[in-house]
Amino acid sequence: MDLVTPDLGLLFWMCLSFGIVVWLLGKYAWKPILSSVQARESSIEDALNEAKKMREDMARMSAGNEELMRQAREEREVLLKEARDIRDKEIAEAKGKAKSEAEALLTRARADIQTEKKAAMSELKTLVGDLSVMIAEKILREKLADDAAQRALVDRMLKDAESRLS
Amino acid sequence: MKLSSSLRAALVLAGAILIGSSFASGDHPQHGTIDHPAASPGTAHEEHGDGHTKKEFNAGELIMEHIGDSHDWHLWGHTHLPLPVILKTPGGWEFFSSGHLMHGEKHTGGHGTYQLSHKNKMQVVGANGEVDEAATAAITDLSLTKNALALLLCVALMCWVFIGMARGYAKRGVSAPKGLASFLEPIVLFVRDDIAKNSIGEKHYRRFTPYLLTLFFFIWFLNLIGLIPLPIPPFGANVTGNIVTPLVLSTITFLIVAMVANKHFWMHILAMPGIPWPVLIILTPIEIMGIFIRPFTLLIRLFANIMAGHIVLLVFFCLIFIFSKNGESLVGGYATSPFALAFTVFINCLELLVAALQAYVFTLLTSIYIGTAVHEPHHAHADHH
């Protein structure tokens, strides 16, 4: 039974030393150790969270960049289209103007030509009339130099007139 | 698993008591030769040379001497380290060296004359030279015995290791641990997360973690110190296998549970809700017994496992001397030694495992008991989520 009979002296030393070690380690060892382990754990967790947040931010930023790029591209398209439209319009306008101007010129030219033509015609007519009269005078002078020819002519003419009347 | 380990503990305890009682009944005749006043190295040699007075080898006696407590520290051969004797007598305090009491010598202090019994108990010797039983019962022996010295050295070692570790943390801030701390930190975290947090719960475990850490390392260090076969203090002392250590530790567990237990816990002990009253007549006494039995199983488990480990180790070692018939049969000794040594090494490895395992089991069960005491009913948990 000696084995299972607690010895008073050892019991005293056990209570004393265990009490001391619980108090000392609790105050000077476990408290700083546990708190610094916890601090380290939370700092690791914070760092991980920070990294995650940064990654998310980066993703968001690159998404934003893409959006901006897309917008810029769209804007460029719009601008280009506008420029093209303006150019087309201007070209069309210029073309129309040139055409109408050319037409006007043409019309005027045509009118001028007509006028010139009329003037030339009338001049030509006068000239032709004069010449005809002159030629006719000459011919008549030539032809009507004898009476017989005159009578023949009058006869022929009368005959023409008769055939036309019948 | 728990049942089988308890069963094992009970068997081992029964075996230990058997060995103990056989020692108690069989040792007396040899004792006179051990405590012979003239036993100095020289005379001891002469005694060995003389066939008539040569003492018989008694394994039980040797084992009990090793696992028991002592007023001096047996270093090697006949060299003993005397330890201080502290006595509280009705007349006052007595302080003297245990060197004065070696080999059955008597020492007369200021308040009486003392001697050590063969079981290492302090006895008061009366004027007639006989043991004065009444006076012996009146004194309290607070001597710094072998176990007490090992205990104090272990406590000093623990303080040095862990306070040093804490200093290192203070110095390095939140960076990774270095040196011994890098070995001990995973164990500290294991105790905190897998023992304390798991069994006590997120809400309460912080309060108990420092105590559980001290408890775990206290048992583990003492177990290891007891296993290291060096002949100098504090090694080889069977402190955790002495009934006092598990007794104190399990009593503290009981007190903690009794102090921190909430209404819910006591309700479940005294009147389990939802159980019809005729069943409660049986159940309540069982539950009340349970709160005492649980720390008691802690006591038995640690005590029996560690003590049995020391006994088994020594038994295998003693086989050499039993088979060699204490030097008479060299053949027997040489033939047995390889096997005995192999078994001793094997058991020692096993005991290293048991040293950590018992520290783990004691700490784990303590935190489970605390966990059941502070556990809150489920509707309270529902509030958290």
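Atom set for the values below is all heavy atoms of this structure, side chains included, hydrogens, waters and symmetry mates excluded. Below, chain A is the first sequence line, B the second, and so on; all start at residue 1.
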How about [atom1] on [X], more than 12 heavy atoms from neighbouring residues, nucleotides or ligands closer than 6.0 Å, or not?
X: B:Lys197; atom1: NZ; answer: yes
X: A:Glu123; atom1: CD; answer: no
X: A:Glu66; atom1: CD; answer: no
X: B:Phe96; atom1: CZ; answer: yes
X: A:Glu50; atom1: CD; answer: no

Under 3.5 Å, is there a donor-acceptor pair between the B:Arg192 and A:Gln38 side chains?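 The answer is no; no qualifying pair exists.
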
Side-chain H-bond candidate by donor/acceptor type, B:Thr209 with A:Trp30, under 3.5 Å: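 A:Trp30 and B:Thr209 do not have a side-chain donor-acceptor pair below 3.5 Å.
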
Which atoms of [X] are under 4.5 Å from chain A, going by heavy atoms: the side chain, the backbone, both sets, or neither?
X: B:Lys121; result: side chain
X: B:Ala148; result: both
X: B:Ile163; result: both
X: B:Phe162; result: both
X: B:Arg167; result: neither

Max heavy-atom pair count under 4.5 Å with chain A, selected residue of [options]:
options: B:Thr245, B:Leu247, B:Asn242; value: B:Thr245
options: B:Asp69, B:Thr140, B:Leu151; value: B:Leu151
options: B:Leu144, B:Val239, B:Val161; value: B:Leu144

Side chain, backbone, both or neither: which part of A:Tyr28 has a heavy atom under 4.5 Å from chain B? both

Which region of A:Leu25, side chain (C-beta onward) or backbone (N, CA, C, O), has a non-hydrogen atom less than 4.5 Å from a non-hydrogen atom of chain B, or is it both or neither? side chain

Considering all heavy atoms, the nearest [X]-[Y] contact:
X: A:Trp13; Y: B:Ser143; answer: NE1-O, 3.0 Å
X: A:Asp7; Y: B:Val244; answer: N-CG2, 3.6 Å
X: B:Leu152; Y: A:Ser17; answer: CD2-CB, 3.8 Å
X: B:Val248; Y: A:Cys15; answer: CG2-SG, 4.1 Å
X: A:Pro32; Y: B:Ala166; answer: CG-CB, 3.7 Å

Using the rule given for side chain to side chain contact (heavy atoms under 4.5 Å, CB included), can you reason through B:Ile252 versus A:Val22, listing the C-alpha separation, both sets of side-chain angles and the distance that settles it, and then say yes or no? CA-CA 12 Å; B:Ile252 293 175; A:Val22 165; over 6 Å; no

Atom pair [atom1] ([X]) and [atom2] ([Y]), whose distance is rounded to the nearest 0.5 Å:
X: A:Phe12; Y: B:Asp141; atom1: CZ; atom2: CG; result: 11.5 Å
X: A:Ile33; Y: B:Glu185; atom1: CD1; atom2: CD; result: 8.5 Å
X: B:Leu249; Y: A:Met14; atom1: CG; atom2: CE; result: 6.5 Å
X: B:Ile243; Y: A:Leu10; atom1: CD1; atom2: CG; result: 11.0 Å

Can you check whether B:Leu189 reaches A:Glu41 side chain to side chain, under 4.5 Å on heavy atoms?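 The answer is yes, as the side chains (C-beta and beyond) meet within the 4.5 Å cut-off.
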
Taking the side chain as C-beta and beyond, is there a heavy-atom pair between B:Val155 and A:Phe18 under 4.5 Å?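 The answer is no; the side chains never approach within 4.5 Å.
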
With a 4.5 Å cut-off on heavy-atom pairs, point out which of A:Leu8, A:Leu24, A:Leu16, A:Val37 contacts chain B the most.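 Ranked by heavy-atom pairs under 4.5 Å with chain B, first place is A:Val37.
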
